[in-house]
Trainee: 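Structure below; questions to follow.
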Amino acid sequence: MRIASWNVNSIRQRETHVARWLERVQPDILFLQELKCEAPVFPAATFKALGYEAAVVGQKAYNGVAALARVPFTAVHTKLPGLPEDDAQARYIEVTIGGITMIGIYLPNGNSGGEAGYAYKLAWMEHLRARAKALQDADTPFLIAGDFNVCPTDVDFAPGAISPTDALVRPATRAQFRALLWLGLTDAVRALHPTGPVFTFWDYQAGAWPRDLGLRIDHVLLSPTLAERLVAAGPDREERGREQPSDHVPVVVEIRD
DNA sequence: ATGACTGAGCATCTCAGA
């Protein structure tokens with residue numbers, strides 16, 4: 001089984017990129033982030049023509065997540081359990097496919113809105129940890145894929161690519177990410193690439209891509225029984241070199257059937 | 001020393017991204 005995640009930075013700007021990528025890579029399921037549109041204008045027909053059904057959690061202009069899969073499925077949650085009822089940010093989708101619970105996330109960046117904005121990020125991470133713990137306690141095989149907006153360690157950003165005070169690297173951000181891992185989850189990409197940079201994002205500015213000044217912020221975390229079946233994991237750097245690319249590349253994980 | 005990006009939207013500027 002091939003599972004992928006991709007922050008596309010506007011699905012309407014990246015519709016062709018995603019369609020061609022699906023044809024080339026043939027994932028069983030693809031989680032998308034930063035759709036930047038409401039569900040009715042998501043280009044579902046384009047992906048349906050390629051054999052992919054879509055579940056979309058949209059929002060005007062900001063955020064937005066979706067799942068595309070070749071096997072019929074339904075979204076069981078479209079909001080992160082535990083968040084206030086009036087939270088309108090489209091950042092979470094949870095589906096079940098083949099007995100596995102799969103969660104796609106667009107975790108808050110945390111650099112806007114001052115300390116309140118950062119507190120929202122930490123609260124979001126704590127609710128995500130609680131959701132993961134509930135699945136773990138129920139012995140449910142599950143994975144969490146998406147844009148975590150977390151550089152877990154100093155190896156996960158190029159020197160100079162980010163400020164030391166950025167919300168992606170703040171100590172509390174990393175502590176909350178480790179709390180997730182301590183549930184027994186495996187960072188799929190890092191498990192198979194134990195050392196060195198494995199970037200998934202390069203800023204549009206200052207020649208970050210040609211200078212390879214990237215970040216590793218898109219992750220796939222696996223519950224224990226899925227981790228035992230892990231055979232491959234990594235970013236698809238090829239996509240960053242295309243015309244008008246997203247600033248993120250897809251991350252692809254292979255799980256033995 | 002200078003310039004250095006992308007996308008959406010009540011749009012020729014602001015907000016957000018990271």
Side-chain angles (χ1 to χ4, degrees), chain A residues 5-18 21 31-43 56-66 87-92 104-125 128 145-177 189 197-219 235 237 239-251:
Chain A
S5 170
W6 195 1
N7 178 324
V8 291
N9 187 20
S10 170
I11 189 59
R12 286 178 291 176
Q13 292 297 322
R14 235 62 70 189
E15 177 180 347
T16 305
H17 298 71
V18 173
W21 189 82
F31 288 98
L32 298 171
Q33 301 91 37
E34 278 212 87
L35 305 179
K36 294 189 171 179
C37 69
E38 293 178 304
V41 292
F42 180 88
V56 180
V57 184
Q59 180 184 335
K60 188 183 279 191
Y62 300 112
N63 309 318
V65 293
D87 188 309
Q89 299 195 28
R91 296 181 175 277
Y92 186 91
I105 64 164
Y106 177 45
L107 209 148
N109 174 297
N111 282 309
S112 64
E115 280 308 299
Y118 184 63
Y120 178 73
K121 175 177 194 162
L122 292 183
W124 210 99
M125 294 183 83
L128 180 65
D147 178 356
F148 282 68
N149 272 316
V150 176
C151 280
T153 75
D154 286 353
V155 183
D156 296 314
F157 65 88
I162 200 170
S163 150
T165 60
D166 194 284
L168 278 60
V169 299
R170 277 172 71 162
T173 303
R174 287 173 161 178
Q176 193 65 51
F177 185 79
V189 170
V198 197
F199 301 141
T200 66
F201 165 93
W202 295 260
D203 200 284
Y204 290 120
Q205 301 190 58
W209 168 243
R211 298 161 68 198
D212 197 21
L213 299 182
L215 314 174
R216 189 175 79 94
I217 53 177
D218 301 273
H219 310 297
R237 290 175 61 107
E239 285 300 318
R240 190 61 179 79
R242 299 209 186 285
E243 290 290 307
Q244 298 190 289
S246 170
D247 39 7
H248 297 249
V249 296
V251 174

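Every chain is numbered from 1, with letters handed out A, B, ... down the list of sequences. Owing to the predicted nature of the structure, the values given are computational and were not obtained by experimental measurement.
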Trainee: Considering only the P atoms, how many Å lie between B:dA16 and B:dT2, rounded to the nearest integer?
Mentor: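 Nearest-Å result for B:dA16 against B:dT2 at atom P: 30 Å.
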
Trainee: If you look at every strand shown and take non-hydrogen atoms under 4.0 Å, does A:Gln244 touch a base, only sugar-phosphate, or nothing?
Mentor: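 Contact class for A:Gln244: none.
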
Trainee: From the 5' end of DNA chain B to its 3' end, which nucleotides mark the outer limits of contact with chain A, defined by a 4.0 Å heavy-atom distance cut-off (strictly under)?
Mentor: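 Range of nucleotides touched by chain A: B:dC5 to B:dA18.
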
Trainee: Quick one: do the A:Tyr120 and A:Asp87 side chains pair a donor with an acceptor below 3.5 Å?
Mentor: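 The criterion, which ignores hydrogens and geometry beyond distance, is satisfied for A:Asp87 and A:Tyr120.
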
Trainee: For the side-chain contact (heavy atoms from CB on, under 4.5 Å) test, which of A:Ile105, A:Val57, A:Leu107 pairs with A:Tyr92?
Mentor: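 That would be A:Ile105; it is the only one of A:Ile105, A:Val57, A:Leu107 passing the side-chain contact (heavy atoms from CB on, under 4.5 Å) with A:Tyr92.
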
Trainee: For A:Ser246 and A:Asn9, which I'm curious about, is there any donor-acceptor pair between the side chains at under 3.5 Å?
Mentor: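 On atom types as modelled, these side chains do not qualify, holding no pair under 3.5 Å.
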
Trainee: When we call it a touch if two heavy atoms are under 4.0 Å apart, what does A:Asn149 touch: a base, just sugar-phosphate, or nothing?
Mentor: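 Touches sugar-phosphate only.
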
Trainee: Between B:dG7 and B:dG3, how far apart are the P atoms? Round to whole Å, please.
Mentor: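 23 Å, rounded to whole Å.
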
Trainee: At 4.0 Å (heavy atoms only), tell me whether A:Arg216 reaches a base, stays on the sugar-phosphate, or touches nothing.
Mentor: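 The residue A:Arg216 makes no contact with any strand.
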
Trainee: Both A:Leu107 and A:Ala206 contact DNA chain B. Taking the nearest nucleotide for each, which residue is further toward the 5' end?
Mentor: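 Its nucleotide being nearer the 5' end, the pick is A:Ala206.
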
Trainee: Under 3.5 Å, is there a donor-acceptor pair linking the side chains of A:Thr153 and A:Asp156?
Mentor: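 Checked: A:Thr153/A:Asp156 side chains pair up, N/O donor to acceptor below 3.5 Å.
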
Trainee: Using a 4.0 Å heavy-atom cut-off, does A:Arg211 contact any base of the nucleic acid, only the sugar-phosphate backbone, or nothing at all?
Mentor: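 Result for A:Arg211 = nothing.
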
Trainee: Go through the side-chain N and O atoms of A:Asp212 and A:Trp202 and say whether any donor and acceptor fall under 3.5 Å apart.
Mentor: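 Yes, A:Trp202 and A:Asp212 have a side-chain donor paired with an acceptor closer than 3.5 Å.
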
Trainee: Base, sugar-phosphate alone, or nothing: which one does A:Asn63 contact when heavy atoms must sit under 4.0 Å apart?
Mentor: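 If one applies the 4.0 Å heavy-atom cut-off, A:Asn63 turns out to touch nothing in the nucleic acid.
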
Trainee: At 4.0 Å (heavy atoms only), tell me whether A:Ile162 reaches a base, stays on the sugar-phosphate, or touches nothing.
Mentor: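 Nothing, no heavy atom under 4.0 Å.
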
Trainee: With heavy atoms under 4.0 Å as the rule, sort A:Asp218 into base, sugar-phosphate or nothing.
Mentor: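 Nothing, no nucleic acid heavy atom in range.
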
Trainee: Just verifying a value: how many Å separate A:Asp147 CG and A:Tyr106 OH, rounded to the nearest 0.5 Å?
Mentor: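 Going from CG on A:Asp147 over to OH on A:Tyr106, the span is 6.0 Å.
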
Trainee: In whole Å, what separates the P atom of B:dA11 from that of B:dC5?
Mentor: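 Comparing P positions in B:dA11 and B:dC5 gives a spacing of 24 Å.
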
Trainee: Name the nucleic acid region contacted by A:Phe157, choosing base, sugar-phosphate or nothing; use a 4.0 angstrom heavy-atom cut-off, strictly under.
Mentor: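 No contact.
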
Trainee: Could you check A:Arg12 against A:Ile217 and say which one's nearest nucleotide on DNA chain B is further toward the 5' end?
Mentor: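 Looking at DNA chain B, the more 5' nearest nucleotide goes with A:Arg12.
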
Trainee: Give me the distance, rounded to whole Å, that separates B:dT6 from B:dA18 when you measure between the P atoms they each carry.
Mentor: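 So the two P atoms sit 15 Å from each other.
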
Trainee: Using the C1' atom in both, what is the distance from B:dC10 to B:dC15, to the nearest Å?
Mentor: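 About 14 Å, rounded to a whole number of Å.
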
Trainee: Between B:dA8 and B:dT12, how many Å separate the two C1' atoms, rounded to a whole number?
Mentor: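 Straight-line distance between the two C1' atoms is 14 Å.
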
Trainee: How many angstroms lie between atom CG of A:Leu213 and atom CZ of A:Phe201, to the nearest 0.5 angstrom?
Mentor: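 Here the rounded value is 11.5 Å.
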
Trainee: Which part of the nucleic acid, if any, lies within reach of A:Asn109 when heavy atoms closer than 4.0 Å are counted: base, sugar-phosphate only, or nothing?
Mentor: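 The residue A:Asn109 makes base contact.
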
